[in-house]
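What follows is a short report on a single structure.
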Amino acid sequence: MMSFIVSDVQNGVMTLTLNRPERLNSFNDEMHRQLAEILTQAERDETIRCLLITGAGRGFCAGQDLNDRNVDPSGDAPDLGYSVETFYNPLLRRLAKLPKPVIAAVNGVAAGAGATLALGCDMVIAARSAKFIMSFSKLGLVPDCGGTWFLPRLTGRARAMGLALLGDTLSAEQAHEWGMIWQVVDDEQLGDTARQLAQHFATQPTFGLGLIKKALYASETNTLDAQLDLERDYQRLAGRSEDYREGVSAFLAKRPATFKGK
């Protein structure tokens, strides 16, 4: 069977490459199943301290493969909610809950669920030639894979409405200007820049980074009071970590810290 997801683990970084380049890495059900299986390794293996997701060939991900969704005019309407419930929602929930940083290196077109998947990662680095397209509206569909949640929070409601209703192409530069993504780099620098960031995270206090991620997600719906209590609770947990002890020792001894991610 074809490997639609290529996984490579080196120096604490798991790199996942979406690998259907002839279809611009668009998702079919088998690709979803392979990705779900590999994510289990990322969740369970403590030596993996950062996840990097990119695409093979000239695109990041063109979303759902519509060849799998061709609707027979004389047949029953498809249940697209089933696909969202079975594949896309669990994927986004797992990336959000993963207690280690997730980086998307967007190397070309990110359309539909490919765009919203990228936005669901913790940090997005895009090649200058990359494009983000909320193409759902062109098919009469709704942004899924977290699209309607991430867009207004990243860009504000006016821009989110425009992007989602029009389905126009957004350049990487514009996405960066609007605060949708972390960084834009020249195409030939994308791989190195993303790898360097991932390698950096693999040497950092992973336990604390996981708590930062949880706290930021919780803040989207918490009151200030609730968030202050949450910060207290998470700080208590962080203060008991081996990484915190090592960080303070290293600081006082004026030496580089060696974090174990625990």
Side-chain angles (χ1 to χ4, degrees), residues 1-5 7 14 16-20 23-44 51 53-55 59-100 102 104 106 109-122 124 132-155 157 160-161 163-165 167 180 210 213-214 216-222:
M1 186 187 294
M2 175 81 184
S3 285
F4 293 141
I5 307 290
S7 160
M14 175 183 262
L16 291 186
T17 306
L18 309 177
N19 187 39
R20 292 185 75 215
R23 304 288 312 155
L24 277 177
N25 304 318
S26 56
F27 276 99
N28 61 12
D29 291 359
E30 180 53 35
M31 184 168 161
H32 271 297
R33 279 189 278 270
Q34 290 181 21
L35 180 54
E37 206 173 294
I38 292 168
L39 276 182
T40 302
Q41 186 193 348
E43 288 162 345
R44 291 180 183 168
L51 185 62
I53 303 176
T54 192
F60 176 72
C61 175
Q64 176 63 41
D65 188 341
L66 294 179
N67 285 338
D68 277 21
R69 293 283 180 268
N70 199 359
V71 184
D72 176 0
S74 60
D76 293 335
D79 180 0
L80 298 189
Y82 170 81
S83 172
V84 171
E85 179 67 22
T86 310
F87 298 121
Y88 289 106
N89 286 356
L91 171 59
L92 261 286
R93 288 186 174 116
R94 291 175 81 181
L95 292 179
K97 281 187 180 145
L98 192 70
K100 37 196 109 170
V102 181
V106 179
V109 71
T116 51
L117 168 63
L119 299 183
C121 295
D122 302 323
V124 183
F132 296 85
I133 312 167
M134 295 297 148
S135 44
F136 304 92
S137 58
K138 306 275 195 195
L139 297 168
L141 296 178
V142 177
D144 57 20
C145 211
T148 60
W149 194 87
F150 288 112
L151 274 178
R153 284 167 170 78
L154 292 168
T155 67
R157 195 206 302 174
M161 280 286 186
L163 286 170
L165 292 173
M180 277 170 68
K213 186 169 159 174
K214 272 176 83 168
L216 285 172
Y217 268 115
S219 76
E220 301 283 4
T221 51
N222 271 349

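The CG atom of Leu163 lies 12.0 Å from the OG atom of Ser135; values are rounded to the nearest 0.5 Å. Distance check, rounded to the nearest 0.5 Å: CG of Leu51 to CE of Met14 gives 7.0 Å. Between the CG atom of Asn19 and the OG atom of Ser7 there is a distance of 12.0 Å, given to the nearest 0.5 Å. How far CG of Leu80 is from CG of Asp144: 8.5 Å, rounded to the nearest 0.5 Å. One distance of note links CE of Met161 with OG1 of Thr148; it measures 10.0 Å at 0.5 Å rounding. Put simply, CG on Asp29 and OG1 on Thr86 are 8.5 Å apart, with the number rounded to the nearest 0.5 Å.
Between Thr17 and Ile5 the shortest side-chain heavy-atom distance does not fall below 4.5 Å. Within the 4.5 Å cutoff, no side-chain heavy atoms of Thr116 are placed close to those of Leu151. Looking at heavy atoms from C-beta onward, Thr54 lies out of side-chain contact with Val106 at the 4.5 angstrom threshold. Using a 4.5 Å heavy-atom threshold, the side chains of Ile53 and Phe60 count as touching. Contact annotation: the side chain of Glu220 approaches that of Trp149 to within less than 4.5 Å [non-hydrogen atoms, C-beta and beyond]. Here the side chains of Asn28 and Asn67 are not in contact, with every heavy-atom distance at 4.5 Å or above. In this structure the side chain of Ser26 never reaches within 4.5 angstrom of the side chain of Gln64, judged on heavy atoms. Residues Leu92 and Phe150 have side chains in contact (heavy-atom distance under 4.5 Å, counting atoms from C-beta outward).
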Between Ser137 and Leu165, is a side-chain contact (heavy atoms from CB on, under 4.5 Å) present by the stated rule, with each step listed?
CA-CA 6 Å; Ser137 58; Leu165 292 173; 5.7 Å; no
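Among all heavy-atom pairs drawn from Ala110 and Ala115, the shortest one is O-CB, 3.2 Å. Considering every non-hydrogen atom in both Gly120 and Tyr217, the closest pair reads O-OH, 3.8 Å. Here the closest non-hydrogen pair linking Phe136 and Ala113 is CZ-N, 3.3 Å. In terms of heavy-atom proximity, Leu95 sits nearest to Cys121 at CD1-SG, 4.5 Å.
Listed by first and then second residue, the salt bridge (charged side-chain N to carboxylate O under 4.0 Å, His left out) pairs that reach into residues 78-96 are Glu43-Arg94, sequence neighbours excluded.
The six-membered or imidazole ring of His32 lies away from that of Phe4, with a centre-to-centre distance of 6.0 Å or more.
For the pair Asp122 and Lys100, the salt-bridge criterion is not met [side-chain N within less than 4.0 Å of a carboxylate O].
Asp65 contributes no side-chain N or O that, together with a main-chain N or O of Phe27, makes up a donor-acceptor pair within less than 3.5 Å. Put simply, the side chain of Lys213 gets close to the backbone of Leu98: a donor and an acceptor are under 3.5 Å apart.
Counting heavy atoms of neighbouring residues, nucleotides and ligands inside a 6.0 Å radius, atom CD of Glu37 does not exceed 12 of them.
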